[in-house]
K.L.:
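Following this message is one structure expressed as structure tokens.
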There are 2 protein chains.
Amino acid sequence: MTTPAPPTDRRRERHLAKRATIVAEAWTLARRDGLAAISLRDLADRVGLRQPSLYAYFDSKLALYDAMFADGNRQLIETVSALPEHDDPHEALVDLVEELTRFSAADTVRHQLLFQRTIPGFEPSEQSYAVAREFYAIGQERLAAAGVGEPGDLDLFTAIVSGLTHQQVANDPGGDRWVRLSRQAVEMYLAQIERKSPAQQSN
Amino acid sequence: MTTPAPPTDRRRERHLAKRATIVAEAWTLARRDGLAAISLRDLADRVGLRQPSLYAYFDSKLALYDAMFADGNRQLIETVSALPEHDDPHEALVDLVEELTRFSAADTVRHQLLFQRTIPGFEPSEQSYAVAREFYAIGQERLAAAGVGEPGDLDLFTAIVSGLTHQQVANDPGGDRWVRLSRQAVEMYLAQIERKSPAQQSN
DNA sequence: GTCTATACATCGATAGAC
DNA sequence: GTCTATCGATGTATAGAC
């Protein structure tokens, strides 16, 4: 996909390290100029290379976006994995939603790449998409712990989360206007689930 | 902003008509290649002009995006204005949300330009933004009719609508997976409002 | 208003030497 | 792997004829 793997482990390690540096610098550039406005010449300069040399690490600009997509999703997994354990699955869900809204608010272009289809021609590769699915599975787990499993209920939940994050990013980039609504949104959602099919427990 | 208005009404009319044609063709191009991938040379070809002649209608590419932004918002206002009247403000709200989700699903790039900040450097002009505010006012009116007025409650509502539309566009572009959830989402929302501050009436 | 012609800077991408 | 050199295409803009 990107380039034939170098022969020795040493070389391979160096190669991957440099690749990571390039991706990190690409995020910086994207934050400054916009995601679609990343210039490969600028990027190369910032990592001590000439523009054509980038092609030793990425087959194309879209391949760079793909690496950023995978990277952003790994950050997402790391972030939600670091959340403290909770006995109460409802509270755990509130924590999750608040954290996701903060995560998006913290980096507009990251949110843009991960959750919006905005770069013409870009579609995540199978490998990168697998990382995204891994995150989705974590969310699904938390929902299941709160007693939510119906497909339609899951869709409603993703809509709520995506709505909070999107509004936060679009209308209050630095702030917490929609972060503060996370708890209420989760309570509203769980009440709706409960209303539809009352569970036996409610401790 | 764009070009000094032609002297006579006849000329002005022609000018505006051609401008509208260009904008319409720009939408077609955006749907085919992506919003950020519109080429002014392509666009000029499609309206029977040479590329420099486009500058008789738009000062820059960003000015073209601005015209598209205003155009899309006018379509939005037209769409929600065409909704049938309703005695029940709750039902009117359901209709509105369903229609908004359908509207977004019907044209991904239009949704992208209207509701996501995706084009580097683009920011709506004051005039274009006024059209967007006009639409927002309509929505606010409908909400007020349903007894919703608190700022936080409005924010929660915009999050729900933006979530439904975004998920519909991103994960089921041609379909109605989230359109079908609109009614449930509105009922969930109104129940939450009612729970917070029970109203005197409930007819 | 529209054209031809032209200019400039920038861009992603490739060829080929080392 | 990295370089130089170069390609074709792009957006932007202007001059000047008609």
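A note on names: the letters A, B, ... follow the listed sequences, proteins ahead of strands, and every chain is numbered from 1. When reading the values below, keep in mind they use all heavy atoms of this one structure, side chains included, and skip hydrogens, waters and symmetry mates.
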K.L.:
Nearest whole Å is fine: how far is D:dT12 P from B:Leu62 CG?
P.N.:
7 Å
K.L.:
Is the ring pair B:Tyr65/B:Phe122 parallel, tilted or perpendicular, if the boundaries are 30 and 60 degrees?
P.N.:
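Plane angle between 30° and 60°, so tilted.
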K.L.:
Taking atom P of D:dA5 as reference, at what distance in whole Å does atom CD of A:Gln51 sit?
P.N.:
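Going from CD in A:Gln51 over to P in D:dA5 covers 14 Å.
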K.L.:
What is the distance, to the nearest angstrom, from the CZ atom on B:Arg19 to the P atom on C:dT2?
P.N.:
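To the nearest whole Å, that distance equals 13 Å.
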K.L.:
Between B:Phe157 and B:Tyr189, what is the ring plane arrangement, given parallel below 30°, perpendicular above 60°, and tilted in between?
P.N.:
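Plane angle between 30° and 60°, so tilted.
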K.L.:
Report the nucleotide, chosen from D:dT4, C:dT4, C:dG1, that has the shortest atom-to-atom distance to any side-chain atom of A:Pro52.
P.N.:
D:dT4
K.L.:
Within residues 32-49 of chain A, which residues have any heavy atom lying less than 4.0 Å from an atom of DNA chain D?
P.N.:
A:Leu49
K.L.:
Measure the distance from NZ on A:Lys61 to P on D:dT10 and round it to the nearest whole Å.
P.N.:
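Answer to the nearest Å: 15 Å.
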K.L.:
Any salt bridge between A:Glu187 and B:Lys196, counting N to O under 4.0 Å?
P.N.:
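The answer is no: the pair does not qualify as a salt bridge.
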K.L.:
Take the angle between the ring planes of A:His166 and A:His111 and call it parallel below 30°, perpendicular above 60°, tilted in between.
P.N.:
tilted
K.L.:
Once you round it to whole Å, what is the distance between P of D:dA13 and CG of B:Leu64?
P.N.:
13 Å
K.L.:
Can you tell me the distance, in whole Å, between the CZ atom of B:Arg11 and the C1' atom of C:dT2?
P.N.:
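For the pair B:Arg11 CZ and C:dT2 C1', the rounded distance is 12 Å.
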K.L.:
Given D:dC3, C:dG1, D:dA13, which nucleotide is nearest the side-chain atoms of A:Arg50?
P.N.:
D:dC3
K.L.:
Should the pair B:Arg110 and B:Phe115 be classed as cation-pi, given the thresholds of under 6.0 Å to the six-membered ring centre and 45° from the axis?
P.N.:
no
K.L.:
Looking at A:Arg74 and A:Glu78, is any side-chain nitrogen of the basic one under 4.0 Å from a carboxylate oxygen of the acidic one?
P.N.:
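No, A:Glu78 and A:Arg74 are not salt-bridged.
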K.L.:
Can you tell me if B:Tyr57 touches the phosphate of C:dG1, counting only side-chain N or O atoms and a distance under 4.0 Å to OP1 or OP2?
P.N.:
no
K.L.:
Using a strict cut-off of less than 4.0 Å between a Lys/Arg side-chain nitrogen and an Asp/Glu carboxylate oxygen, indicate whether A:Arg10 and A:Glu13 qualify as a salt bridge.
P.N.:
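Salt bridge absent between A:Arg10 and A:Glu13.
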K.L.:
Report yes if at least one side-chain N or O of B:Ser53 is closer than 4.0 Å to OP1 or OP2 of C:dG1; otherwise report no.
P.N.:
no
K.L.:
CZ of A:Phe58 versus P of D:dG1: gap in Å, rounded?
P.N.:
13 Å
K.L.:
Would you kindly give the NZ-to-C1' distance between B:Lys18 and C:dT2, to the nearest whole Å?
P.N.:
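For the pair B:Lys18 NZ and C:dT2 C1', the rounded distance is 10 Å.
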